[in-house]
Amino acid sequence: MMEFSQQVCCSEVKVKVGRGVVKEIESLPGRKCIVHPKSIKPELKADLEVEIEDGESGKDIKNAMRIVDELLEAEFTRGDYLVAIGGGTVLDVAGFSASIFMRGLNLVNVPTTLLGMVDAGIGGKTGVNYGMAKNMLGTFYQPSLILEDISFLDTLPEEEIRKGMAEVIKYGLVLDKELYDFLSLNYSSILRKEQNSLERVIHLSALNKLKVVAEDERETKGIRVVLNFGHTVGHAIEAGSNFQIPHGLAISVGMVCEAKIAEEMGYAEEGVVEDVIWLLQLFNLPISPDQLKGLDKEQAVKSLSKDKKRRGEDILMPFPTRIGSWRGVKIPLETLRGFVVQCLGDGT
Ligand SMILES: NC(=O)c1ccc[n+]([C@@H]2O[C@H](COP(=O)([O-])OP(=O)(O)OC[C@H]3O[C@@H](n4cnc5c(N)ncnc54)[C@H](O)[C@@H]3O)[C@@H](O)[C@H]2O)c1
């Protein structure tokens, strides 16, 4: 078992990684409400259980309000706990409910997907879908405890492991050269889900993400933007497929495109693009838009202007400078558009 704590603004976030760590829930003080998806039935004692739909439809605001209603009905108070067990979708909606209930109920995240363990469960962003818009409403709200129980990954399909690995690779590329090296040497044991390798990958990912979040929790200092490497082009790819192309695969191609832009503009050392492609390929992740089915490239390019990181006619891009390092660069939207047309159009 590995564990560490990180102070994020006014709260301490404790992380435990290992097999069976979910059992720690039983020793929490106070009453517990467990929120989980239909597909996962936790065998843990709880004062209240709320079951929600799996996947993106579970993130509708009506589910967040249903959780709140059940907490009120069961007379939960602020000293009690909401334990969110599930993939990123469940963590996002349950975290949102915890943050608005009496201005904040103690939150414990128990991610059950690799993406949840390395990304969605860490960092305190919560969100629900409202109307047609994904993540339209949300809060920043830190869990006090994150239990990363590797045993959940036993049943997770390889496709879902690969999608989560795209985010892990992102940390290696822009934040952590040691992680990059570990991934390139241990890719086969990671894909075989060997416990020690998975534990190390999850531990290093959580450390990297929480360190960034501690420096810039609310994305106001131009530091948290690093977590968006690959995501500007990645989101455009998702939008250009009406969100049919999975996020992990879209950001995989997005990282290749953005590294190319960084190299062509002279911000990245020569060879960075090759290093990005090399690692993604080891994990069988796509490196070219031609490997993605159902992408309307024109629609993708059009959606760039809706990027949340746009400020006026500029967009702040986190570019890798060399493996494990990065810098933020403001580039005109028009320049970015030109590069993206080139990248999505030329088949890499
Ligand atoms: N808050 C954040 O910072 C943040 C960051 C990244 C992503 N997200 C959000 O996370 C969501 C995506 O998360 P996700 O990829 O975990 O998706 P998900 O929650 O939809 O889970 C993916 C699939 O895996 C299944 N599953 C979950 N655990 C399983 C297990 N142990 N064994 C077998 N199957 C299992 C689910 O039923 C689902 O079909 C998106 O809504 C995204 O917006 C949030």
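Side chains included, hydrogens not; waters and symmetry mates left out as well; all remaining heavy atoms used. Read the numbers this way: they start at 1 and go in the same order the structure lists the ligands and their atoms.
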If you compare Asp149, Leu153, Asp119 by their heavy atoms, the one closest to atom 6 (C) of ligand 1 turns out to be Asp119
Check: Thr113 N/O within less than 3.5 Å of ligand 1 N/O
yes
Tell me, please, whether Phe76 has Arg31 positioned over its six-membered ring: NZ or CZ under 6.0 Å from the ring centre and within 45 degrees of its axis?
yes
Donor-acceptor under 3.5 Å (Lys177 side chain, Ile323 main chain)
no
Per-atom contacts, ligand 1 versus Thr155 - under 4.0 Å to a heavy atom:
30 (C), 31 (N), 32 (N), 33 (C)
Minimal heavy-atom distance between Pro37 and Gly86, with the atoms involved, is CD-CA, 4.1 Å
Check Lys59 against ligand 1 and report side chain, backbone, both or neither, counting heavy atoms closer than 4.0 Å.
side chain
Out of Ala120, Pro111, Gly95, Gly86, who gets a non-hydrogen atom closest to atom 8 (N) of ligand 1?
Ala120
Per-atom filter on ligand 1: closer than 4.0 angstrom to a heavy atom of Gly55 are 20 (O)
Can you list the atoms of ligand 1 that are under 4.0 Å from a heavy atom of Asn135?
43 (O)
Between the side chains of Arg19 and Asp154, is the shortest nitrogen-to-carboxylate-oxygen separation below 4.0 Å, so that they form an ion pair?
yes
With heavy atoms under 4.0 Å as the rule, classify the contact between Glu53 and ligand 1 as side chain, backbone, both or neither.
neither
With respect to Gly116, determine whether any N or O atom, backbone or side chain, lies less than 3.5 Å from an N or O atom of ligand 1.
no
Between CG of Leu304 and CD of Glu334, what distance do you get to the nearest 0.5 Å?
10.0 Å
Closest approach of any protein heavy atom to atom 29 (C) of ligand 1, naming residue and atom
Leu156 CD1, 3.6 Å
Heavy-atom nearest option to atom 22 (C) of ligand 1, drawn from His36, Glu160, Lys125:
Glu160
Let's go through Cys33 and Asp80 carefully: what are the C-alpha distance in whole Å and the side-chain angles of both, what is the deciding distance for side-chain contact (heavy atoms from CB on, under 4.5 Å) to 0.1 Å, and is it a yes or a no?
CA-CA 8 Å; Cys33 165; Asp80 297 329; over 6 Å; no
Atom 31 (N) of ligand 1: which protein heavy atom is closest, and how many Å away?
Phe152 O, 2.9 Å
Hey, can you tell me if His235 and His247 have their rings parallel, tilted or perpendicular (30° and 60° cut-offs)?
tilted
Tell me the protein heavy atom at minimum distance from atom 15 (O) of ligand 1, and give that distance in Å.
Leu115 CD2, 3.4 Å
Near Glu56, which atoms of ligand 1 are under 4.0 Å from a heavy atom of that residue?
40 (C), 41 (O)
Sub-4.0 Å atoms of ligand 1 with respect to non-hydrogen atoms of Lys209
3 (O)
Those atoms of ligand 1 less than 4.0 Å from some heavy atom in Gly88:
10 (O), 11 (C), 13 (O), 14 (P), 16 (O), 19 (O)
Is there a donor-acceptor contact under 3.5 Å from the side chain of Glu258 to the main chain of Gly230?
yes
Near Ile40, which atoms of ligand 1 are under 4.0 Å from a heavy atom of that residue?
28 (N)
Would you say the side chains of Gln299 and Asn242 form a donor-acceptor pair under 3.5 Å?
yes
Determine, counting only non-hydrogen atoms of the protein, whether one lies under 4.0 angstrom from atom 33 (C) of ligand 1.
yes
Do Asp314 and Lys330 meet the salt-bridge criterion of a basic N to acidic O distance under 4.0 Å?
no
Got a salt bridge between Glu219 and Lys125, using NZ or NE/NH1/NH2 to carboxylate O under 4.0 Å?
yes
Exercise check, heavy-atom protein proximity under 4.0 Å to atom 3 (O) of ligand 1:
yes
re atom 38 (C) of ligand 1, the protein heavy-atom contact at minimum distance is Asp54 OD1, 4.4 Å
In Å and rounded to the nearest 0.5 Å, what is the NE2 to CG distance from His203 to Asn208?
10.0 Å
Show which atoms of ligand 1 fall inside a sub-4.0 Å distance from at least one heavy-atom site of Asp92.
1 (N), 2 (C), 8 (N), 9 (C), 43 (O), 44 (C)
